[in-house]
Amino acid sequence: MTQHTLFVCTTCASTWENGKRVGISGGERLLAQLAQQHAEWELREQFTLQPVSCMSACDRPCAVAFAAPGKHTFVFGKLSADEATLPEKAAAVLNCAELYFEKPDGLLAWAERPKPMRTVVSRVPPLSAARSA
Ligand code: FES
């Protein structure tokens, strides 16, 4: 079975003082919520949850991405890390990841994605498609 990865930026929505990050970032809060839901998720064995330090979507925090061999890679942004809506945001990420998992090419139409997942920062074609284009 193809292994899928859910990347989560842990630097997004950070607070900076004198050039140093202080406290817990919004990305770290989102990751913690995702980890909690991921542990109970039916696709937890198929989707690796992987923290990353940046995906160049810094002006649209928080950012997550889906990637898998042979599929388009999607980077999503504007997932606010507001404490009150974090569980709902994390659920939307995992619901969207389920759609991604079901698609052989990973293509996700705007209208079928949960509302919090409608800001796509980039969509990169699979390596095989890029080579033949
Ligand atoms: S800090 Fe999160 S994408 Fe750059």
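For ligands, and for the atoms within them, numbers begin at 1 and follow the listed sequence. Quick caveat, the model's predicted, so the values are computed rather than measured.
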| query | Which ligand 1 atoms, with their elements, are less than 4.0 angstrom from a heavy-atom of T11? | reply | 1 (S)

| Are any non-hydrogen side-chain atoms of F66 and V93 less than 4.5 angstrom apart? | yes

| Atoms of ligand 1 close to C54 [distance to a heavy atom under 4.0 angstrom, numbered from 1] | 1 (S), 3 (S), 4 (Fe)

| How about C9: does one of its N, O or S atoms come closer than 2.8 Å to atom 4 (Fe) of ligand 1? | no

| Under 4.0 Å from any heavy atom of S56, which atoms of ligand 1 are there? | 3 (S), 4 (Fe)

| said: Tell me whether atom 2 (Fe) of ligand 1 has C12 as a neighbour, meaning an N, O or S atom of it below 2.8 Å. | reply: yes

| Is it true that a side-chain atom of Q37 and a backbone atom of L34 form a donor plus acceptor pair closer than 3.5 Å? | no

| Does at least one non-hydrogen atom of P61 fall below 4.0 angstrom from an atom of ligand 1? | no

| Under the criterion ring-ring contact (aromatic ring centres under 6.0 Å, His included), which of F74, F101, W41 is the partner of H4? | F101

| query | Per the side-chain contact (heavy atoms from CB on, under 4.5 Å) rule, which among H72, M117, R113 passes with L108? | reply | R113

| task | Tell me whether L43 is reachable from F7 by hopping between hydrophobic residues (I, L, V, M, F, W, Y) whose side-chain heavy atoms are closer than 4.5 Å. | result | no

